[in-house]
Amino acid sequence: MAEELVFRFDVDGEDFTSAGQASVQVKKNLRQLGVDSEVIRRVSIAMYEGEINMVIHAGGGTALVKVYPDCIEIVLEDHGPGIKDIDLAMQEGYSTATDTIRSLGFGAGMGLPNMKKYTDSMDIESTVGVGTTITMRVNCQEVL
Amino acid sequence: MTVRELASHPDFSPIAMPNPDREVKGAYIGDLLSWVMGRAKADTLWLTIMSNVNVLAVASLADVSAVILTEGVTPESDIITAASEKGINLISTSLPSYGAARVLVALGL
Ligand SMILES: Nc1ncnc2c1ncn2[C@@H]1O[C@H](COP(=O)(O)OP(=O)(O)O)[C@@H](O)[C@H]1O
Ligand SMILES: [Mg+2]
């Protein structure tokens with residue numbers, strides 16, 4: 001079994017226009033590794049939603065993508081305000097995004113639900129005033 | 001149908017065509033980015049009135065064949081350049097999304 005491969009990104013909390021760069025880069029890296037295109041699609045959409053959330057709700061953070069032989073793990077960590085009620089935040093349509101954010105096409109309250117939908121497991125650890133860490137896994141076949 | 005064939009239709013104009021041979025298998029209409037990522041399928045057209053830079057990221061991640069900007073929406077020139085660089089096909093139409101969808105249906109999609 002080969003060792004895991006890790007990609008690490010800093011997600012800038014100020015720059016809205018570059019938001020998504022980490023996800024687009026991950027998509028390229030996974031494609032180079034020959035990962036199945038549907039797996040890539042699921043990983044990169046889930047990661048993009050998480051990346052955007054770190055930008056609009058948490059002032060940025062870090063993203064780690066680990067490629068294991070049988071799964072791809074995404075860990076998103078921020079030191080933003082945290083999520084008070086995770087069950088509520090997970091509901092489709094629930095959003096605290098501002099009108100400015102909405103005018104850009106975000107803030108539909110579908111980000112966390114999409115992350116759950118596209119991944120095989122998702123775990124949210126969040127403490128108000130401390131930050132949020134989200135770990136997602138997408139199963140795949142023998143990448144490395 | 002390929003994106004090139006679609007863009008040659010009189011109701012559609014190509015704005016950026018870095019990947020003209022991509023196959024088109026359907027279409028999705030929406031302006032809320034998370035809805036599009038949750039619902040649009042790969043290799044389909046995405047019809048929208050949004051033309052900001054985030055549209056390019058979503059188009060790339062959702063792996064759509066092309067973005068059709070409806071209602072005569074024209075993106076800034078830097079968006080067009082970025083689309084070409086990122087391999088994202090952009091097409092514009094003066095039709096509203098409903099009208100454009102009718103044309104697509106008539107074309108057999
Ligand atoms: N990293 C985060 N830090 C703090 N709050 C968050 C974070 N991610 C999500 N949230 C909260 O959960 C809500 C729902 O998130 P999401 O489903 O992605 O919808 P949206 O981003 O469109 O508001 C957000 O509006 C926000 O209140
Ligand atoms: Mg979100």
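Note that the structure is a prediction, hence the values are computed from the model and not measured. Naming convention: chains lettered A, B, ... in sequence-line order (proteins, then strands); numbering from 1 in each chain.
Taking CG from Asn114(A) and CZ from Arg39(B), the interatomic distance works out to 8.0 Å, rounded to the nearest 0.5 Å. Residue Arg41(A) holds its CZ atom at 9.0 Å from NZ of Lys41(B), rounded to the nearest 0.5 Å.
In this structure the side chain of Val58(B) reaches within 4.5 angstrom of the side chain of Tyr48(A), judged on heavy atoms.
Proximity to chain B is limited to the backbone of Ser103(A), based on heavy atoms less than 4.5 angstrom apart. In this structure, chain A has a heavy atom under 4.5 Å from the side chain of Met50(B), while its backbone stays farther away. Proximity to chain A (any heavy atom under 4.5 Å) is restricted, for Asp31(B), to the backbone atoms N, CA, C and O.
Interface remark: of the candidates Thr48(B), Val53(B), Val36(B), Asn54(B), Asn54(B) forms the most heavy-atom pairs closer than 4.5 Å to chain A.
Arg31(A) CZ: 12 or fewer foreign heavy atoms inside a 6.0 Å radius. Within a 6.0 Å sphere centred on CD of Glu92(A), other residues, nucleotides and ligands contribute 12 heavy atoms or fewer. By the 6.0 Å contact criterion, CD on Glu5(B) is enclosed, its count of non-hydrogen atoms from other residues, nucleotides or ligands being greater than 12. Remark: Glu14(A) CD is loosely packed, at most 12 non-hydrogen atoms of other residues, nucleotides or ligands lying under 6.0 Å away. With a 6.0 Å radius and a threshold of 12 heavy atoms from other residues, nucleotides or ligands, Lys117(A) has its NZ atom above the threshold.
Between Glu49(A) and Ser34(B), the shortest heavy-atom distance links the atoms OE2-OG, 2.8 Å. Closest approach of Met110(A) and Trp35(B) over heavy atoms only: CG-NE1, 3.8 Å. Pairing each heavy atom of Leu61(B) with each of Ile45(A), the nearest pair is O-CG1, 3.8 Å.
When hydrophobic clusters are built by joining Ile, Leu, Val, Met, Phe, Trp and Tyr residues whose side-chain heavy atoms come closer than 4.5 Å, directly or via intermediates, Ile15(B) is grouped together with Val67(B). Put simply, Val64(B) and Leu33(B) are part of the same group of oily side chains (I, L, V, M, F, W, Y) that touch within less than 4.5 Å, one to the next. Residue Met1(B) is not grouped with residue Ile88(B) when hydrophobic side chains (ILVMFWY) are merged at heavy-atom distances under 4.5 angstrom, including chains of intermediate members.
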Are Asp63(B) and Lys27(A) close enough, and set up right, to give a side chain to side chain contact (heavy atoms under 4.5 Å, CB included), and what steps lead you there? CA-CA 10 Å; Asp63(B) 207 12; Lys27(A) 185 185 161 173; 4.0 Å; yes
